[in-house]
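Remember, predicted model here, so these are calculated numbers, not experimental data. By convention here, the first residue in the shown sequence is residue 1.
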Amino acid sequence: MSTPALEIKGLQAWYGESHVLHGVDMVVQPGEVVTLLGRNGAGRTTTLRAVMGLTGTRKGSIRVNGHETIGLPTHRIAHFGIGYCPEERGIFASLSAEENLMLPPPLKGSDAGMSVDEIYAMFPNLAERRHSQGTRLSGGEQQMLAVARILRTGARLLLLDEISEGLAPVIVQALARMITMLRAKGYTVVMVEQNFRFAAPLADRFYVMEHGRIVESFGASELQSKMPVLNELLGV
């Protein structure tokens, strides 16, 4: 069995005095697309943030490609080849799309990230808007840019937080194609998604969170049989 790309055991996390995660366990194998489902406030975004060291206190174990990272600061964690795309995207308004794309340095010791040409082939919209200011990009183009920026660094494990939220259906379809392409290239993807219709056809496996804990996990082949449970937990 290969070393998991991400292995979380007994993860607890706090924001100040607020105890948000209560013993999260999950495993993601290299090349898998895994979706973290749950209602708002269930702890899904906090799980991604805790992996990156962006919460307050963390306890438990977070192993990235076999390396324990629970005690490391965020900048050290990123060097294990993780790219985090937060909900707020973080596009610099005063820079052009291409300047935003070129901003983060490649990860030392990683395989080279995607070239700019490869990125523009995957995201033709960004090629067309390469000289446009960050503020001039649509929400969908900003989302593509936020993901593309990670791919250029050489990160192979992508943590994507609500990338389809509030976007037009045609953009959501483009993002779905992107995830399918990334899986074909061997990337590992962990998605937090509210949009079940977007996530369901893309994921190899699902975890469902409630009150800071994983309450269900199942593979894509079990999705239909799990729908009654999901209806109950998520109101799908």
Has the side chain of [X] got a donor or acceptor atom that lies under 3.5 Å from a matching backbone atom of [Y]?
X: T46; Y: V20; answer: no
X: N100; Y: I91; answer: no
X: N125; Y: E141; answer: no
X: D161; Y: T45; answer: no
X: S18; Y: W14; answer: no
X: R152; Y: S115; answer: no
X: Q142; Y: G139; answer: no

Pairs flagged by side-chain hydrogen bond (donor to acceptor under 3.5 Å, both in side chains) wherever [range] is involved - sequence neighbours left out:
range: residues 163-182; answer: S164-E193
range: residues 62-82; answer: S61-E68
range: residues 207-226; answer: R205-Y207, E216-K226

Are the side chains of [Y] and [X] in contact, using a 4.5 Å heavy-atom criterion?
X: L11; Y: K59; result: no
X: D204; Y: Q29; result: no
X: R183; Y: T188; result: no
X: M144; Y: I171; result: yes
X: V189; Y: V34; result: no
X: L151; Y: L182; result: yes
X: R129; Y: L145; result: no
X: L159; Y: I82; result: yes

Item to check | Within 6.0 angstrom of F92 CZ, more than 12 heavy atoms from elsewhere | outcome: no
According to a hydrophobic-cluster definition based on side-chain heavy atoms being under 4.5 Å apart (Ile, Leu, Val, Met, Phe, Trp, Tyr only), do [X] and [Y] belong together?
X: F218; Y: I8; result: no
X: F80; Y: I150; result: no
X: V192; Y: L54; result: yes
X: I77; Y: V27; result: yes
X: I214; Y: V51; result: yes

Search all heavy atoms of [X] against all heavy atoms of [Y] and return the closest pair with its distance.
X: R39; Y: L234; answer: NH1-O, 3.7 Å
X: G83; Y: A155; answer: N-CB, 3.6 Å
X: Q143; Y: C85; answer: NE2-SG, 3.4 Å
X: A50; Y: I62; answer: O-CD1, 3.6 Å

Checklist entry - Can you name the salt bridge (Lys or Arg N to Asp or Glu O under 4.0 Å) partners of R149, sequence neighbours left out? => result none
Checklist entry - Is there a donor-acceptor contact under 3.5 Å linking the side chains of E32 and Y187? => result no
Item to check | Any donor-acceptor N or O pair under 3.5 Å, side chains H19, Q12 | outcome: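 On atom types as modelled, these side chains qualify, holding a pair under 3.5 Å.
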Item to check | Inter-residue atom distance F206.CZ - L223.CG, 0.5 Å rounding | outcome: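 These two atoms lie 5.0 Å from each other.
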Next on the checklist: Apply side chain to side chain contact (heavy atoms under 4.5 Å, CB included) to residues L158 and I179 and explain how you reach the verdict.
Outcome noted: CA-CA 10 Å; L158 310 181; I179 288 168; over 6 Å; no
Checklist entry - Are M191 and V33 close enough, and set up right, to give a side chain to side chain contact (heavy atoms under 4.5 Å, CB included), and what steps lead you there? => result CA-CA 8 Å; M191 296 194 295; V33 176; 4.1 Å; yes
Item to check | Pair listing, salt bridge (Lys or Arg N to Asp or Glu O under 4.0 Å) test, anchored in residues 43-58, at least two apart | outcome: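 Salt bridge (Lys or Arg N to Asp or Glu O under 4.0 Å) check on residues 43-58 returns R44-E162.
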Item to check | Under the side-chain contact (heavy atoms from CB on, under 4.5 Å) test, residues paired with A42 that sit two or more places apart | outcome: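 Partners of A42 by the side-chain contact (heavy atoms from CB on, under 4.5 Å) criterion, ordered by chain and then number, come out as M209.
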Next on the checklist: Check this for me, if you would: do E128 and R130 make a salt bridge, where the nitrogen-to-carboxylate-oxygen distance has to be below 4.0 angstrom?
Outcome noted: no
